[in-house]
Structure formats: structure tokens, C-alpha cells
Amino acid sequence: MAGIKDQKDPRDKIHHGGWMAKIFCWAVIVFLMFFVPNGVVSFYESISKFGSGLFLLVQVVLLLDFVHGWNENWVAKDEQFWYMALLVVSVVCYIATFSFSGLLFHWFTPSGHDCGLNLFFIVFTLILVFAFAIIALHPKINGSLLPASVIGLYCTYLCYSGLSSEPRDYECNGLHNHSKAVSTGSLTLGLATTILSVVYSAVRAGSSATVLSPPDSPRGTDKPLLPFSKADEQEDKKDVPRPVTYSYSFFHLIFSLASMYSAMLLTGWSTSIGESGKLVDVGWPSVWVRIATQWATAGLFIWSLVAPILFPDREF
């Protein structure tokens, strides 16, 4: 799919059509995977750890792109109502952040136990929340509280996600008393939510509307990935070559990284053992992946604020 410039390229039909053949090939590949040597699976496991990390960075960049776009859209309206809406959403996010942080102290720093690591994670998250607000409101930055509040709430969620992934027998995991209550239904719901997030991130990152597209990728209009009306289909049948609206190769690359992330999520980053191995996304590797993602989110957000000041001649 590399190098497709217009929809008259024969590979464009392969990309958008042939679904029955694709489904058949997919079913055959799934069946054959049970006969693949363990060495091949181990090799894929090794590269999936790196691919999953890249996909997590993709999710972070998409979130930053969405938050800044959200803020710019409301500010551009230049009306008192939308300014008040910015303030209300920011206040709600901060209230949720601090309330959530209080629950983290209650759940993951139980009295009578030395939980210095959990305490560090929670306190450091609060420091990041305050740092975001201070940097965003600095006179030289001239930023907004909305992105700072949303990213702060997201970092708090990542902290919770990391702490809740600690082994159920860990004394500082206050949720271990409720491990029996973690039913198959709740795990399925959590997994479904994660898969929806993965699919959204992959589709969003593969489109031309995102900052993640390669510099030489096609920059189309608002045409959807697939035609939804007869007018669109008839327009596609014209003999005039129409440029593609997104990079097909980059689209498939993002989905490949998403599949690697899903594999690591389901196997606890391939290191879960014992009771934790029966649960999805539980174990110390999952904890550190979440914490590392939080730190990467914080770093990228701060960079998005200070980069225009440090490099005023470049476009970000």
C-alpha cells in the first residue's frame, strides 16, 4: 500500500474491497497460528513490546491533539458563553482530579503497611497536575486551563490504572479484598472499552486529519474513509483520478501497532503468572507501562506548551 497517490491505483481496490476474500484469509491465518512454532511466537512477543510502547505514544499524541483542538475551537467562537463553558469544564475536571486522588490515597496507601512506592506515584501525579496549571497560565505561555485540567485528569486516571494493575496479593493494593468480586462480566466490559479505544486510536491516527501522518502523506478533504451515499459512489466512478485522503500504508502500520498492544494487554505484557495471570492487564509490567505512559504524557504536554516559545519560527 506504500506510495498510493490516487484512487485509480489498482491497489486502492485491494485496500477498500475484496472483503469476502479477506475474511477467508483471516480465518485461515487464525487456524494456522495454532501450528506456528513457539520460536516465531516468542519473536513476535519481543517486537510487540516495542510496538505497544509506540502505540501508547500514538494515543498520547492523539489526546494532546484532541485537547488543544477542543480548546482552540471554543476560543475561536469568541463568545462569553463558550468562555464560561471552558471555565466550567476546567473546574469540573479539577474537582474530579482531586476527588479521584483522595480515593487513590484511600485505596492504595492502607495504614499499617509501607506503601512508599504507591505514595510516590500519587503525590507525583498531584505535582504534575499543579505544574500543568502553572505552566499553562504563565504570561509567556498564554495558555488555557482546559488542556491542563483534562491532561491532569487523564494522568490521574493513568495513575489509578497503574496502581489497580498491581498483583492482587500485594499488600498495598487495597482492591485485593475485592478480587473475588471482579467478575468475568466486569473484566469483559473493561476489555471491550480498551478495544474501542484501540480501534478509535488506530482509525484516527491512520487518517489524514491527524498530526501523526507522515510529511509526504496525502492531505485530503473531508471525504470519509468509505462512501456513505450514492453520490459519493458515483463520484468515485468518474474517470478523473482523485487523490487519496489518507496514507494507506500508515493506516495499516497503526493497526499493526494496535494489534501488538492488544496482545500485550491480554497477556499482561507476557509475564503474568499465578493468580494475576488469570486476570487481564494485572502484574508489575502493566503497572510500569501505565506509569511510563503517564510520564510520557506529562512530558509531551509540557513540550507542546513551551515549544512554540522556544522555537517561534517553527509550526507545531
Side-chain angles (χ1 to χ4, degrees), residues 1-7 9 11-19 22-23 25-26 29-30 33 43-70 151 154 157-158 161 190-228 243-267 269-270 280-281 286 289-290 292-297 299-301 303-304 316:
M1 296 302 163
I4 298 180
K5 300 299 183 181
D6 59 69
Q7 297 177 6
D9 192 306
R11 292 175 294 169
D12 181 84
K13 296 181 180 179
I14 299 177
H15 177 73
H16 287 103
W19 289 104
K22 291 177 181 178
I23 294 175
C25 292
W26 171 77
I29 291 175
V30 170
M33 281 303 299
F43 174 74
Y44 180 74
E45 169 196 332
S46 300
I47 63 175
S48 290
K49 293 179 180 179
F50 294 99
S52 301
L54 291 177
F55 183 75
L56 288 174
L57 291 179
V58 168
Q59 287 187 316
V60 171
V61 174
L62 288 176
L63 176 64
L64 294 177
D65 182 36
F66 169 76
V67 172
H68 285 298
W70 179 10
I151 297 300
Y154 179 66
Y157 164 75
L158 288 176
S161 181
L191 180 60
T193 303
T194 301
I195 291 177
L196 290 176
S197 173
V198 167
V199 172
Y200 168 78
S201 299
V203 173
R204 171 72 174 162
S207 70
S208 61
T210 176
V211 296
L212 286 171
S213 297
D216 59 343
S217 64
R219 301 290 176 177
T221 57
D222 296 330
K223 181 178 181 293
L225 299 184
L226 295 175
F228 291 99
V244 298
T245 56
Y246 61 99
S247 172
Y248 295 169
S249 57
F250 191 71
F251 178 84
H252 289 288
L253 173 62
I254 295 299
F255 259 102
S256 298
L257 298 179
S259 67
M260 294 179 183
Y261 174 73
S262 299
M264 291 295 98
L265 183 70
L266 291 171
T267 60
W269 297 82
S270 70
V280 175
D281 200 24
S286 297
V289 167
R290 294 293 184 273
T293 303
Q294 182 201 68
W295 295 348
T297 302
L300 289 174
F301 177 67
W303 173 255
S304 69
F316 292 91

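These numbers come from the heavy atoms of this one structure, side chains and all, not from hydrogens, waters or symmetry mates. By convention here, the first residue in the shown sequence is residue 1.
Side-chain contact check for Y44 versus M260: some heavy-atom pair is nearer than 4.5 Å. Annotation: side chain of F66 is not in contact with side chain of L62 (no heavy-atom distance under 4.5 Å). The side-chain heavy atoms of Y248 and H16, taken from C-beta on, include a pair separated by under 4.5 Å. Considering only heavy atoms from C-beta on, I29 stays 4.5 Å or farther from W26 through its side chain.
Distance check: L54 CG to S48 OG gives 11.0 Å after rounding to the nearest 0.5 Å. Interatomic distance, L158 CG to T293 OG1, rounded to the nearest 0.5 Å: 6.5 Å. In this structure, the separation between CG on L253 and CZ on F55 is 11.0 Å, given to the nearest 0.5 Å. Annotation: the span from K5 atom NZ to D12 atom CG amounts to 13.5 Å, rounded to 0.5 Å. Going from atom CD of Q294 over to atom OH of Y154 covers 10.0 Å, rounded to the nearest 0.5 Å. Distance CD1/I254 to OH/Y261: 14.5 Å, rounded to 0.5 Å.
No more than 12 heavy-atom neighbours from other residues, nucleotides or ligands sit within 6.0 angstrom of NZ on K13.
One N or O on the side chain of S259 and one on the backbone of S256 form a donor-acceptor pair closer than 3.5 Å. Using modelled atom types, one side-chain atom of S304 and one backbone atom of F301 make a donor-acceptor pair closer than 3.5 Å. For the pair K49 (side chain) and M264 (backbone), a donor-acceptor distance under 3.5 Å is absent. Remark: the backbone N or O of A258 is paired with a side-chain donor or acceptor of S262 at under 3.5 angstrom.
Taking both residues in full, the closest heavy atoms of V60 and T297 are given as CG2-OG1, 3.2 Å, listed atom of the first, atom of the second, then distance. For the residue pair R11 and A2, the shortest heavy atom distance occurs at NH1-O, 2.8 Å. For L57 against A296, the heavy-atom pair with the smallest separation is CD2-CB, 3.9 Å. Scanning both residues, M1 and I14, for their nearest heavy atoms gives CE-CG2, 3.8 Å.
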